Amino acid sequence: MPFLMLILGLFILLLVSAISAERINGIIINRAAALVLLYSFILSISTLNVSIIGSGIGVFGGLYQVTVVSKIVECFIYLLAGMILSNTMLLTRNSMSNLSDYDLNTQQQQKKTMLKNYTLKSEYSIIALFTVIGGVLLITSNDLISMYLSIELQSFGLYVLATIYRDSQAATYAGLKYFLLGGLSSGFILLGSSIIYAYTGVTNLESIYLLISVTDIKDSLINLQSLSETSFDNLSLFNNSFQVEIGLLIMTVGFLFKVAAAPFHNWAADVYDGVPTKVTTWLAIMAKISILTFLLDLAIGAKSSTAILSNKFNGESYLSLLEGQKENLLFPVHSNLLLIVALLSLLVGTIVGLAQSRIKRLLAYSTISHVGFLLLAIAINTEDSIESFIFYLIQYSLTSANAFFVLIAFGSLSLSVSGLQKTSNSNNRLTNTEEDQLQESEYSPVQFISQLKGQFNIKSLGINQASPLLALSMAVILFSMAGIPPLVGFFAKQAVLLAAVKNGFIFLALVGIFTSVISAAYYLRVIKVMVFENQDENALTGQKDYYSSKESKTAVQEKDSINSSNNKDMQIGELSTRMSNSLSFSISILTVLILFFVLKPVLILNSAHIMALSLFYL
Amino acid sequence: MLTILLLTPLLGILVMLLVGKDEINSRTAAKTFERLKSSQYKDIALGFSIINFFVSLILWGNFDRNTTESQFVAEYNELSFCHFTLGVDGISLFFIMLTCLLFPIIFLADNKAIKENVLSYQIIMLLLETLLIAVFTVKDIFLFYIFFESILPPLFLLIGLYGSSKKVRASFHLFLYTLFGSLAMLLAFLTMYYLTGSTDMEVLSSVNLSFDLQKILWLAIFFSFMIKFPLVPFHLWLPLAHSEAPLGGSILLAGVVLKLALYGSLRILIPLLPEATIYFTPLVYTIGVITIIYASLTTLRQIDMKVIIAYSSIGHVAIILMGAFSNNIQGIEGSILLGIAHGFISPALFILTGGCLYERYHTRVLSYYRGLTTTMPLFSIIFMLATFGNIAVPLSSNFVGEWLCLCGAFERSPIIASIAASGIFLSAGYSIWFYNRIAGGSFSAHLEVMPDLSRREFYVLFPLIVLAFSLGIFPNVILDSIHYSVSTILYQI
């Protein structure tokens, strides 16, 4: 069990950081945590070879169940968590040096801030490990109690992570909001599960699925009887199934709250925007993977149990009965809820996203629309759709992690504090209120889309200020999110749409297509700001005598850039080396993955296929 | 052979990125964009595109015109999710050759105008060359969709980075219009895939889909092509994109990208959904006629030179459409021939106005120009020949193409074809008006005397004009090679 390794590593790190006499450098803890995650990843890969798993093995007395899907998703979570952790680790050092040239403190004060940052840092990675454990336990949990405990473990870790920078007002505000609404949704989950427990008396999910199926079949039998002769003796069971249905609905609403699906999405934009960028990376990706996988388990479990039962009752009359009763069955309600939420998420995520000027809010809304696609795939609930769901989940997590990495990298590069002040002074784009909002810039240096302006253009910003390759990878990421072939995002969207068309969800497929065109508009807007616009607005307006003026202007610009580079030479010398190697390495790996997925799609597609098949045929 | 054709531009990109280590003294990534002198990048890109053109000539030389099967087949079965097979037949051969011919011309024509981000420009262009050739060679509707769509991001960046004043708006229009249309096509393709289990064109052409379904699929795919062609209610992106794009982008858009919808119709709509095509032909013809007349009349009211050429392209493309959907061999061959001819003439016009004149006088507004014959005689002669091509006077290949198209359309529907034939008259109207305003009359008071065409400009224009007229005199060079392939997509009612 790889997550035992994780727990062990966590305890050792906790002990070490608590017991040791002098404070241990946060970087060391962070590296240790990343190594623990890496080792867990290797372990979990080696457990993939255990062939006796079949349809799943219950561990810890049936509280948890290990299946093929849970194992592969677990692998993926470890890998991604290790990646995110190792990248955010190296960033802290950068943000510290940002601080140092930002407020020009005395040596001592600098040291103080340094220390403060580092102490926060060690907590950060330990709590991150907690959330990973919570997430991994959640995807394997097979019992209402273990489910609730693991989701709380994950959520509490995330609440603490959100507020870990105590001196940032926005982060505290966002963390509080996250905590309150997360607590509310946990309450929903608890309410739902207690209703289920009250009316069934079992907490094991397998048993609940079985019970539901049995009551459904009995209902059908009763209905049959009521058709032929009037006997209503067993009707109490029907009532039970209704209550269980309600309980399940409430529980699902709680989960949908946590993944920020549309009617329950309002917290997401505020929270993502408020917390520091590296924490946003963690919040936006890690929490979603595990909860969505659990939702998948929920939907699948219910469906497959009915399928098994219908196989067992091999008689034709029962089967036809089941067919006839499909509208009255419990789970169509559940999947209808998912469908409605998917529809709303698609609409809200794309349409509200059009009005955003802050980059992290924009990414939050884009996440909502992607969650819409994921929920659509869950709601369809066939082999194709599950396959597309898993593929979509994997590619989306990687793409969105990459997007946040690029934001972090932009923040640690030329756009750090000095570049920021330059933009806010020279542009009337940033109004006064916006400038006020920029005060948290040490934690999330890139807040506005307009801050990315002209990053592609070397001429406009000067060689040291612009980062064209980074802008290019951001463009690739955004094109992929918009679903432009041949990038990986297209294949995911296409798979979901194919599943939808195949199973007759034409309307939702159309909605998905229209919304992805609309969302392309806001992705393109970011690309436009990065690539097309120059820092110097006049270069665009002076169009009349285009060539002659252009000559002189470029000359002026070059002079400017030379001047500024001379002035800031010392600063920039540091600035340009600030992006850490591991960060640039992960960005380039992920970008290349997005770009060239089309050349070798076999690994991801086949494993998604196998996972989907394992859910249905084992 | 096709692999070489696809990989040469990519190799060019690689060489440009790797060659040149003179000035790497900074560790910043930005420096990678400044290592070579910009002229060297231009030379490398031009060289590779010329190599590719020679490869395409060899392809043509080895092409067997007496078979309907696809030739030079290259399969890559490692790509699991679809059927990655490349092949060329009569329909695609000349589009590939047109693409390969136009790229050296693009690089030469834009040689002076692009001053910033030179490397990115060359990379985008070479990438586009590969993608366009891929669209014309794939034998799988899913791959067709992928490549059809993947030319959008490079074009978006191309227009947005190097375009003129309204470039952002133009790039957004191009991208969003096309994306919107092609997603409808994607849904149709997905439906075809799940019904038949295959995305291979040859398999799909042997499958008989039900008539009602064919109609829905046809409408979805035609909607996409309507935007790409473009036909009237959805044409607004084209004048904007063509006029705001840099010169190379305009040449590319008018020369090759406009033909993608024609190629898609000949490849997918007509052979895969034949009954629906026959059923909807009246609709197509109505839209086509409206487009011809509307676009031609609109052209007369424009003052921006590039917009004039863009609108005249819309009119010609509508005639191409009429020929392509005529379901007889004259019409379809005419549409291919007119497509090729338009691929010579409208780039030539763009180079003449958007390139030569704009570089000299820095305005695209027609009203400023008058009497250029007096100062630029060579320009006026070539401009006159290109205008004749645009009018489709006899001896130009446009004439042969237009004549065959209208002939085919006449066989389907005499009344509609005679209305459409007024397009010839209208195109003569606006072309002569356009030529007259620029070249005729006394020399404009707004202009200074500028040198005539330079050697580079002349050599860019010369092959286009020569090809346009020699193919008009002897069109069998093209027609003989496409007879067999075209006859396979005819449908017996």
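Just so we're clear, the structure is a prediction, and the values are computed from it rather than from any experiment. Chain letters run A, B, ... following the sequence lines, proteins first, then strands; residues in each count from 1.
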Might you confirm whether atom OH of B:Tyr194 has over 12 heavy atoms from other residues, nucleotides or ligands at distances under 6.0 Å?
-> yes

Side chain, backbone, both or neither of B:Thr363 within contact of chain A (heavy atoms, under 4.5 Å) = neither

Is the B:Tyr145 to A:Phe490 ring centre distance short of 6.0 Å?
-> yes

Check B:Ser150 against A:Pro485 and note the closest heavy-atom contact, atom names and distance.
-> CB-O, 3.2 Å

Distance in Å, B:Leu195 CG paired with A:Lys502 NZ, rounded so as to fall on 0.5 Å steps = 10.0 Å

Please state whether the side chain, the backbone, both or neither of A:Ile506 comes within less than 4.5 Å of a heavy atom of chain B.
-> neither

Looking at B:Leu186, B:Leu183, B:Val168, which has the largest count of heavy-atom pairs under 4.5 Å with chain A?
-> B:Leu183

Chain A: which of B:Phe148, B:Phe189, B:Phe175 shares the most heavy-atom pairs with it under 4.5 Å?
-> B:Phe175

Give the minimum heavy-atom separation between A:Val531 and B:Leu161, together with the two atoms involved.
-> O-CD2, 3.4 Å

For B:Leu179, is it the side chain, the backbone, both or neither that has a heavy atom under 4.5 Å from a heavy atom of chain A?
-> both

Which pair of non-hydrogen atoms, one from B:Leu176 and one from A:Ala520, has the smallest distance, and what is that distance?
-> CD2-CB, 4.1 Å

Looking at the rings of A:Phe532 and B:Phe156, which for Trp means the six-membered one, are their centres under 6.0 Å apart?
-> yes

Are more than 12 heavy atoms from other residues, nucleotides or ligands located less than 6.0 Å from atom CZ of B:Arg169?
-> no

Does A:Phe491 reach the side chain of B:Ile146, with side-chain heavy atoms less than 4.5 Å apart?
-> yes

Interface residue of largest heavy-atom contact number with chain B, from A:Ile513, A:Ile527, A:Ile484, under 4.5 Å | A:Ile513

Drop me the distance from B:Leu157's CG to A:Lys528's NZ, to the nearest 0.5 angstrom.
-> 14.0 Å

